[in-house]
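These numbers were taken from a predicted model, which means no experiment stands behind them. Numbers for residues simply follow the sequence, beginning at 1.
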Amino acid sequence: MKVLIIGGVAGGASCAARLRRLDEDAHIVLLEEGGHVSYANCGLPYYIGGVIEEEEELLLQTPESFYRRFRVDVRVRNKAEKISPETKTVTVRNLEDGSCYEESYDKLVLSPGAAPFRIPVNPKAASRVFTLRRVEDCRKIRDMVTAGKYRSAVVIGGGFIGLEVCENLQKEGIDVSVVEAMPQILPPFDEEIAEILHGCLRDHGTALYLNSKMEDISPSETGGCVVSLSGGKQLFCDFVVMAVGVRPDTALCREAGMELTDRGSILTDENFLTSLPDVYAIGDAVITKNRLTGMPGMTALAGPANKQGRLVADILCGRKTIPYPGVLGSFVIRLFDRTAAATGINERTCRQAGLDYAKIYLLPYDHATYYPGAEQMVMKVLFEKKTGKLLGMQCTGLSGVEKRVDVFAAALHFGGTVQDLEELDLCYAPPYSSAKDPVNFAGFVGDNLMQGISRFWYWDQMPERGGENEVLLDVRTPEEYEDGHLEGAVNIPVDELRERISELPKDKEIYLYCQVGIRGNVAQRILTQKGYSAWNLSGGYGLMSRIGKA
């Protein structure tokens with residue numbers, strides 16, 4: 001069996017290695033348009049910032065090492081230009097000398113990846129405008145940084161790549177402005193979590209321009225660039241990094257008559273077989289379904305690409321496989337000293353899918369508060385109202401974030417409910433967690449909501465201040481109240497509530513809050529059992545102040 005693989009990096013290289021481990025006699029040829037067969041593309045921004053000091057550290061395999069270990073015929077700088085399914089051949093151009101040749105296959109695996117969107121710019125400024133996909137791109141930006149004479153940059157796009165580039169440029173002393181056309185950065189997060197990250201960027205000196213569309217990039221009189229934004233704002237900088245998203249790199253597939261989506265992603269069956277016979281596709285360029293909604297979408301993440309490459313190798317070798325379940329979309333990003341991560345779907349997707357969902361916010365510490373260095377996190381958990389089935393979780397903080405999100409990802413994978421979180425037997429020692437881990441605590445809060453023990457109101461449901469039918473009640477200490485409170489709130493500390501309960505009218509809805517929700521829960525239980533209609537602010541004043549709503 002001769003297997004021709006187009007594209008290396010995550011999906012293609014994983015497929016080739018797995019295929020050789022399963023079939024020592026297979027003839028495997030891997031074509032890669034770039035200069036490297038397998039490299040850590042997720043590490044590229046950290047080479048720009050000098051965190052990864054040597055370019056060689058990014059190279060996971062070279063053509064030579066891949067051949068020594070796996071006997072795979074790897075050809076870098078060889079571009080597939082045409083697929084001929086009727087003859088089962090691919091026309092290939094050697095980019096070193098320009099020559100062309102035909103390569104046959106029994107099975108063809110496509111792993112073309114996704115290419116950065118390129119917005120047309122003034123040709124005179126093009127030499128100062130960069131995108132980031134391959135090691136070669138990274139090297140050009142790194143050269144700008146290490147030259148020592150360029151001090152400012154504009155990053156177009158507030159997605160993962162753009163923000164990682166921003167962080168690493170700033171660590172090298174570059175003044176960075178981030179331009180994002182949407183109202184928030186990182187669309188997979190809901191707006192309140194994104195707002196916390198906006199504050200993080202600004203606190204670290206990033207100039208953030210939201211709701212701002214880049215309209216033009218032209219050369220400046222000093223030799224740099226002028227970035228013109230919607231609304232007339234102009235940003236002057238030494239260079240620009242374009243990170244406005246990616247598109248599936250599938251022109252080759254379209255020309256071959258392969259079935260694609262309107263946006264150019266490859267359509268496959270559950271075994272990653274395309275509409276062309278004996279042609280498979282994996283990675284960023286294919287459509288995969290969301291495990292929770294069943295909706296198709298593009299997932300440009302290394303983890304799924306690696307798993308898909310391994311699965312296709314199993315299929316080619318005739319192994320019985322479990323159909324690919326789809327993606328949860330788990331991800332994590334570091335922004336300076338802060339970590340933000342999520343798994344599953346966000347609230348926008350819940351609404352779009354018509355799901356009957358509930359949500360809770362928690363502000364737990366990453367480990368026992370009596371042990372030095374405890375840091376507070378912000379967690380948002382989504383689940384089905386009727387069944388408690390988990391739908392998604394978002395979290396940000398200075399430490400302990402990715403650990404909790406990974407636990408949620410495992411629970412989502414196995415179809416867990418919010419009540420299941422209560423019983424998870426998680427490891428505990430004071431430097432690492434609390435006896436009631438934040439994940440367990442999310443289960444307690446969610447179960448209380450499911451059983452009707454707790455009732456919540458939320459940051460975007462501010463009650464009418466001074467309204468005839470509502471009372472806004474702050475149950476924190478007088479000192480906390482004086483340091484800052486919601487406008488129109490009256491203050492009765494929770495420890496005084498039983499004695500002062502007569503100050504509250506029974507014919508009005510009581511919307512109460514504390515700092516994070518724990519004391520509010522106690523107050524809500526006191527009031528409810530005394531015949532009041534009381535609601536506790538999920539996430540408390542702490543969440544409101546972090547997202548600028550206090």
Side-chain angles (χ1 to χ4, degrees), residues 5 7-19 21 37-46 52 58-61 109-115 132-134 159-161 163-164 186-189 245-246 248-249 265-266 268 270-272 280-315 321-334 339-346 349 390-395 401-416:
I5 301 172
V9 196
S14 294
C15 182
R18 174 69 170 174
L19 190 58
R21 291 193 294 271
V37 58
S38 182
Y39 57 91
N41 54 352
C42 295
L44 297 181
Y46 301 97
I52 298 172
L58 295 168
L59 307 181
L60 307 178
Q61 292 279 0
V109 179
L110 303 175
S111 183
L132 185 61
R133 185 188 186 189
R134 295 190 171 95
F160 295 99
I161 296 298
L163 295 178
E164 288 170 348
L186 298 170
F189 287 112
V246 296
D249 194 0
S265 294
I266 303 170
T268 70
E270 62 182 16
N271 292 320
F272 293 96
Y280 297 79
I282 56 177
D284 297 355
V286 307
I287 284 290
T288 53
K289 71 175 182 179
N290 183 284
R291 290 194 200 183
L292 300 171
T293 66
M295 298 298 293
M298 179 182 172
T299 304
L301 294 170
N306 276 293
K307 295 179 183 72
Q308 292 163 18
R310 179 183 175 91
L311 178 62
V312 167
D314 284 2
I315 292 169
T321 61
I322 299 173
Y324 187 68
V327 297
L328 291 173
S330 304
F331 63 86
V332 62
I333 184 171
R334 189 188 71 185
T339 299
T343 187
I345 58 179
N346 59 24
T349 303
L390 291 168
L391 296 172
M393 185 267 208
Q394 301 167 51
C395 186
V401 170
E402 71 286 353
K403 169 183 175 180
R404 273 67 190 208
V405 174
D406 280 342
V407 173
F408 270 84
L412 283 166
H413 176 82
F414 292 108

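- Proximity of a side-chain donor or acceptor of Q308 to a complementary backbone N or O of I282 within less than 3.5 Å is not detected.
- Distance check, rounded to the nearest 0.5 Å: CD1 of I266 to CG of D284 gives 10.5 Å.
- Under the side chain to side chain contact (heavy atoms under 4.5 Å, CB included) criterion, L301 pairs with T299, P304, not counting sequence neighbours.
- The minimum heavy-atom distance linking M298 with A114 is given by the pair CE-CB, 3.6 Å.
- A donor atom on one side chain and an acceptor atom on the other are not found under 3.5 Å apart for T321 and D314.
- Across every non-hydrogen atom of I52 and G43, the tightest pair is CD1-O, 3.6 Å.
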Assess the residue pair L390 and F408 against the criterion (side-chain contact (heavy atoms from CB on, under 4.5 Å)); give the C-alpha distance rounded to whole Å, side-chain angles, the decisive distance to 0.1 Å, and a yes or no. CA-CA 8 Å; L390 291 168; F408 270 84; 4.3 Å; yes
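- Remark: F189 engages F331 in a ring-ring contact (aromatic ring centres under 6.0 Å, His included) (not counting sequence neighbours).
- Distance check, rounded to the nearest 0.5 Å: CD of Q394 to CG of N346 gives 6.0 Å.
- Put simply, CD1 on I161 and CG on L132 are 6.0 Å apart, with the number rounded to the nearest 0.5 Å.
- Separating the CG atom in D406 from the CE atom in M393 is a distance of 9.5 Å, to the nearest 0.5 Å.
- The side chain to side chain contact (heavy atoms under 4.5 Å, CB included) test applied to R21 returns A17, R18, F70, R310, not counting sequence neighbours.
- Closest approach of L186 to G159, counting heavy atoms only: CD2-C, 3.8 Å.
- With sequence neighbours excluded, the residues satisfying side chain to side chain donor-acceptor pair (under 3.5 Å) with T343 are S330.
- Of all heavy-atom pairs between V401 and C395, the closest is CG1-O, 3.5 Å.
- Contacts of F272 classified as ring-ring contact (aromatic ring centres under 6.0 Å, His included), with partners at least two apart in sequence or in another chain: Y324.
- Among all heavy-atom pairs drawn from L60 and A40, the shortest one is CG-N, 4.0 Å.
- Side-chain atoms of R133 do not come within 3.5 Å of backbone N or O of V246 as any donor-acceptor pair.
- Looking at residues two or more places apart in sequence or on another chain, you find no side chain to side chain donor-acceptor pair (under 3.5 Å) involving T339.
- When all heavy atoms of G113 and A285 are compared, the closest pair comes out as O-CB, 3.6 Å.
- Here the side chain of S14 pairs a donor or acceptor atom with the backbone of A10 at under 3.5 angstrom.
- Taken from CD in E164 to CZ in R334, the straight-line distance is 9.0 Å, to the nearest 0.5 Å.
- Using a 4.5 Å heavy-atom threshold, the side chains of V405 and V332 count as separate.
- Rounding to the nearest 0.5 angstrom, the gap separating the CG atom in L328 from the CG atom in L412 is 5.5 Å.
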